[in-house]
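One structure below.
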Amino acid sequence: MRVTMTSAAARNGRANEDFTGAVPTAAVLIDGAGIPGAESICRHGVAWYAGRLGGSLLSLLSLVRDRSLSALLAEAIERVTDDHRDTCDVADPISPSATVAILRLSDGLVEYLVLGDSVLVLDRADGAPLVVSDPREVIISRSYRSALEAAADGSDEYHRLLRDLRANRNQPGGFWLAKDDPRAADEAITGSCPSSELTGAVLLSNGASRIVDRFRLADWPGVMAVLASSGPAEIIHRVRQAEARHAVAADDATIAHCTDLGEA
């Protein structure tokens, strides 16, 4: 498997809270999530959490071949939580968390997992791309959107609304992310398909998937065509142009483009 990766922080001088990496048979993308005030809860920060979770997953994917992706994610969450349980308030609603996308080659299959609002797209040889996403956070966030837009950015009311939104994390009827509870991995969207049916796949953080789901600059077949011709950096370049054109705050943007899926 060949993996081409690009990741760009939202702006210069700011830590990139995304992570992506690969081993010969798997690729991982982590999109760290946090809100103002998290530094008082966790001394390590969101970028540390994303990198630690991603590194743990890559290690497990490389060494453990006979367990499900959900089981490996659960173990990775437990490991990272143990790494800072004694120094940080890992159970606080605003402690660092992350969305996760994983792709693995296994005995002629491409297995996948998505938890949170990252996106994974499988480019099928015959037919439209299969888009794997987890809409639960997006659906719940819509009910807070108008109130957040009305509140002054950084105000007490703005932070209160964000806390209320985050309180839906990892709760029945809410949305699920990697955080401190390994049972969240059981809520991930998973599946598989024969690798022979695919020409490629791509993992995107929500800052990169904006090219389709926010700015409507392309559809998913169009994105796969740009990836094949120009690579992931071109996708992020177009997103940055759209953010500037529409005066939308930039987000960390990360892409892992996987090809040659028949080759371990």
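Values reported hereafter were calculated over all heavy atoms of this structure, with side chains retained and with hydrogens, waters and symmetry mates removed. Everything quoted here is computed from the prediction, not taken from an experiment.
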Side-chain donor or acceptor of [X] paired with backbone N/O of [Y] under 3.5 Å:
X    : Y    : answer
S70  : D186 : no
D252 : A10  : yes
S155 : A152 : yes
K179 : A184 : no
S141 : E137 : yes
S62  : S59  : no
Y112 : L122 : no
D123 : G200 : no
T20  : V28  : yes
D92  : D89  : no

Exercise. Are side-chain heavy atoms of D31 and N206 found at a separation under 4.5 Å?
Worked result: yes
Does the side chain of V202 come within less than 4.5 Å of L227's, by heavy atoms?
yes
Pairwise salt bridge (charged side-chain N to carboxylate O under 4.0 Å, His left out) hits with a residue in residues 187-196, at least two apart: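 Qualifying pairs, neighbours excluded: R136-E187.
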Item to complete: Report yes if the distance between the aromatic ring centroids of Y49 and H44 is under 6.0 Å, otherwise no.
Response: no
Which pairs would a plain distance check flag for residues 98-108, meaning a side-chain donor or acceptor within less than 3.5 Å of a matching protein atom at least two apart in sequence or in another chain?
| unit_1 | atom_1 | unit_2 | atom_2 | d |
| --- | --- | --- | --- | --- |
| T99 | OG1 | S118 | OG | 2.7 |
| R104 | NE | E111 | OE1 | 2.7 |
| R104 | NH1 | R67 | O | 3.2 |
| R104 | NH2 | R67 | O | 2.9 |
| R104 | NH2 | E111 | OE1 | 2.9 |

Original post:
In terms of side-chain heavy atoms, does D18 have a donor or acceptor partner in S205 at a distance below 3.5 Å?
Top reply: yes
For E243, the side-chain hydrogen bond (donor to acceptor under 3.5 Å, both in side chains) test, sequence neighbours excluded, returns R210, R240
